[in-house]
Every structure is written in C-alpha cells, then in structure tokens.
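Have a look at the structure below before the remarks.
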Amino acid sequence: MSTQRVLVVGASRGLGLGLVARFLERNWDVTATVRRPSAGLTDLAARGHLRIQAGVDINDDEAVTALRVALADAPDFDIVFVVVGVATQAGTPIAALPRSVAGMMFETNAISPIRFAEAFQKRVAPGGLIVLMTSKLGSVSLNRGGGWGSYRASKAALNTLARSFVGQHAKAHWGVVLMHPGWVRTDLGGRRATLDVETSARGIVTVLEGHLGRSGYVFLDYAGETVPW
Ligand SMILES: NC(=O)c1ccc[n+]([C@@H]2O[C@H](COP(=O)([O-])OP(=O)(O)OC[C@H]3O[C@@H](n4cnc5c(N)ncnc54)[C@H](OP(=O)(O)O)[C@@H]3O)[C@@H](O)[C@H]2O)c1
C-alpha cells in the first residue's frame, strides 16, 4: 500500500501537534501548517516524513492561497484536517463579550475552516476525508447548561456550514468528518480536562483510518461514537 498523506492545519501545539506525532507514528506522510515556527513541531520533523508550512493564518485568504500554490506540485491528500480553533473569553456571556472577540471566534472556528475546506477540496484524493475539528459543545441538542455560549455557537455554526458544504458537493469523492476530540488537556481545554493529548489524538487517527473511503458527513468523537447534532 502506498504511503498515506495528511495535511494538518494548526499544528503548533495542543491537539494539532499531538495529531502530527500520531500520524507520523502510523507512518503517514505529514504536511503541517503553523502561523509561526513551533519548536515542538520542528522536533517532530526529525522523526519522519514531515513538511512544515509556516505563515498560515486561517483567517488570511492570501496566506491560504499561498499555501495552495506552495503545495501545488505535492500529491493529493488522503486527509485534510483543519484543527485550528479558539475559545477567547469563552466564559464571558455573549451580551458582555466585545463584538470584535465574538466575531473573531466565529470567523476562526466556523467561517475560515469551511473556506479552507473549499480551497482544498480538489486536493483530496478519491476516498479521502476532510476533517473539521468541532466540539460536542457545538451540539444543539446536547446544550443543557449553556456555558461557553459564544464558543458553542461558533462550533454549531461550523457543523451547519459543514453540512451545507457537503450538500454543495453532492458528487464529491470524499467525505466529511466533524470530530469531537473529547475534553483534552491543552491551552484551550485547561488542566482539569479528562484526557491527555496522546490518548485523544491516537483515538482520532484510529477512527479516521477506519473511516477512509466513506462519503457524506458524520459527527464523531475520538472513540468513534456518533455525537448527536
Ligand atoms: N482541548 C479540548 O478539550 C477541545 C475540546 C473540543 C474541541 N477542541 C477543538 O480542538 C481544536 C484544537 O484545540 P486545542 O485544544 O489543541 O487548542 P490550543 O492548544 O489552544 O491550540 C489551538 C491551535 O489553533 C491555532 N490557531 C488559532 N488561531 C489560528 C489562526 N487564526 N490561524 C491558524 N492557526 C490558528 C493555534 O496556533 P498558534 O500557536 O499560532 O496560536 C494552535 O495551533 C480546536 O478546534 C478546538 O476548538 C478542543
């Protein structure tokens, strides 16, 4: 079997960095993007087939276009995985949150991942996957407590935009996975989270390897369980 290829978008730290390590462990050929050089990612480059593309801010259309140009001669990807996400002042109720912060969260978590997926969908190999890191907090039906309202809404928007994206590409030869990584100890997840990065990332890679070749869309967690919309 030929080497499988993944593009990991947002790999400087946290889950993105952990996913790069796990894909390398599984002998995938990895291309990873960051905004700024990351020591953790540079260290991983010594371990296997890893190409690093810096300067990729997902909210910057010109940077995304430059990435597409830089990767034009590379073979297509079996997985394009947008990991990027923010939870800036997520605990602040929406009425008290500066509009600029709410807008930036919506742009980074919902609009830009879909624009990135659109920009790279032609670079997904037949039977491949576009994976968007979402959250169980983006599930509308599971929202009982309501906390982290702006973050929840941005991920709910991502889920809805992803379903529309699939609808707009009905004949696509790829599928879309909306992935909930669990509650993970990262800068975003905090120290009280129940999972370490390695456990979550290893689970995600296993789930995705088992999902290759399927079209349509699914909302799954790192253990392969379906998450209600
Ligand atoms: N941790 C959890 O418990 C949890 C649970 C559910 C879902 N998630 C989701 O999982 C994903 C990764 O989260 P994490 O916990 O690993 O968070 P993290 O440690 O805070 O990492 C966030 C990543 O996103 C990148 N990023 C932020 N804004 C960006 C932009 N405009 N352009 C490019 N990259 C940008 C960061 O890059 P810089 O280093 O340049 O800032 C960093 O690599 C997010 O989508 C998050 O919503 C996490």
Side-chain angles (χ1 to χ4, degrees), residues 7-22 31-42 44 52-67 80-91 100-101 103-117 119-120 130-139 142-143 147-159 161-162 177-201 203-205 207-208 219-223 225 227:
L7 173 62
V8 180
V9 183
S12 62
R13 56 195 165 96
L15 280 160
L17 181 61
L19 282 161
V20 170
R22 301 291 67 88
T31 301
T33 79
V34 289
R35 288 194 280 194
R36 289 171 291 273
S38 139
L41 196 58
T42 306
L44 285 181
I52 301 170
Q53 296 286 150
V56 183
D57 184 322
I58 201 174
N59 296 332
D60 179 347
D61 290 334
E62 282 180 19
V64 173
T65 300
L67 177 69
V80 171
F81 196 152
V82 183
V83 184
V84 172
V86 289
T88 312
Q89 298 180 49
S100 58
V101 175
M104 183 275 289
M105 183 135 53
F106 192 75
E107 182 179 16
T108 307
N109 290 356
I111 297 170
S112 296
I114 295 297
R115 287 173 78 109
F116 192 96
F120 273 82
I130 296 172
V131 187
L132 303 165
M133 196 73 104
T134 183
S135 170
K136 206 170 179 172
L137 293 182
S139 165
L142 293 179
N143 184 359
W148 276 39
S150 55
Y151 178 82
R152 279 181 193 272
S154 69
K155 293 294 191 180
L158 171 64
N159 294 353
L161 288 168
V177 177
L178 289 149
M179 175 57 69
H180 168 62
W183 186 21
V184 189
R185 289 188 291 277
T186 63
D187 293 339
L188 188 153
R191 274 180 299 200
R192 289 178 46 239
T194 48
L195 291 173
D196 59 32
V197 168
E198 187 171 335
T199 304
S200 170
I204 289 170
V205 172
V207 170
L208 296 180
F219 188 178
L220 299 175
D221 72 9
Y222 75 102
E225 297 294 323
V227 183

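For clarity, every value in this text was computed on a predicted model and none was experimentally measured. Order of listing sets the numbers, starting from 1, for every ligand and every atom in it.
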Numbered atoms and elements of ligand 1 in range of G189, under 4.0 angstrom, heavy atoms: 1 (N), 2 (C), 3 (O)
Starting from atom 39 (O) of ligand 1, what is the nearest protein heavy atom, named by residue and atom, and what distance separates them? S12 OG, 2.6 Å
What residues, two or more places apart in sequence or in another chain, satisfy ring-ring contact (aromatic ring centres under 6.0 Å, His included) together with F219? W229
Taking atom CZ of R185 as the centre, report whether more than 12 heavy atoms of other residues, nucleotides or ligands fall under 6.0 Å from it. yes
What protein heavy atom is closest to atom 35 (C) of ligand 1, reported as residue, atom name and distance in Å? V84 CG1, 3.4 Å
CD1-CG distance between I130 and L178, expressed to the nearest 0.5 angstrom: 11.0 Å
Within ligand 1, which atoms have a heavy atom of P181 less than 4.0 Å away? 4 (C), 5 (C), 6 (C), 7 (C), 8 (N), 48 (C)
For atom 36 (C) of ligand 1, what is the nearest protein heavy atom, given as residue, atom name and distance? R13 NH2, 3.7 Å
For V56 and ligand 1, answer yes if some heavy atom of the residue is under 4.0 Å from a ligand atom, otherwise no. yes
With a 4.0 Å cut-off on heavy atoms, is A193 in contact with ligand 1? no
Looking only at protein heavy atoms, identify the closest one to atom 11 (C) of ligand 1 and say how far it is in Å. V83 O, 3.0 Å
L142 vs K136, test: side-chain contact (heavy atoms from CB on, under 4.5 Å). Steps then yes/no. CA-CA 8 Å; L142 293 179; K136 206 170 179 172; 3.9 Å; yes
Contact check, R185 vs ligand 1, heavy-atom distance below 4.0 Å: no
Distance from atom 31 (N) of ligand 1 to nearest protein heavy atom, with residue and atom: D57 OD1, 2.9 Å
Between R36 and ligand 1, which residue portion shows a heavy-atom distance shorter than 4.0 Å: side chain, backbone, both, or neither? side chain
Which residue and heavy atom of the protein sit nearest atom 32 (N) of ligand 1, plus the separation: I58 N, 2.9 Å
Can you name the ring-ring contact (aromatic ring centres under 6.0 Å, His included) partners of F120, sequence neighbours left out? F116
Considering heavy atoms of the protein only, find what lies nearest to atom 9 (C) of ligand 1 and give residue, atom and distance to 0.1 Å. M133 CG, 3.6 Å
Nearest 0.5 Å, what's the CE-OG distance between M105 and S100? 10.5 Å
Let's go through L19 and M133 carefully: what are the C-alpha distance in whole Å and the side-chain angles of both, what is the deciding distance for side-chain contact (heavy atoms from CB on, under 4.5 Å) to 0.1 Å, and is it a yes or a no? CA-CA 12 Å; L19 282 161; M133 196 73 104; 3.9 Å; yes
T134 touching ligand 1 at heavy-atom level, < 4.0 angstrom: yes
Between CG on residue L188 and CG on residue L15, distance to nearest 0.5 Å: 8.5 Å
Quick test: of every protein heavy atom, which one is nearest to atom 15 (O) of ligand 1, and how far off is it to 0.1 Å? T186 OG1, 2.5 Å
Does S200 come within less than 4.0 Å of ligand 1, judged by its heavy atoms? no
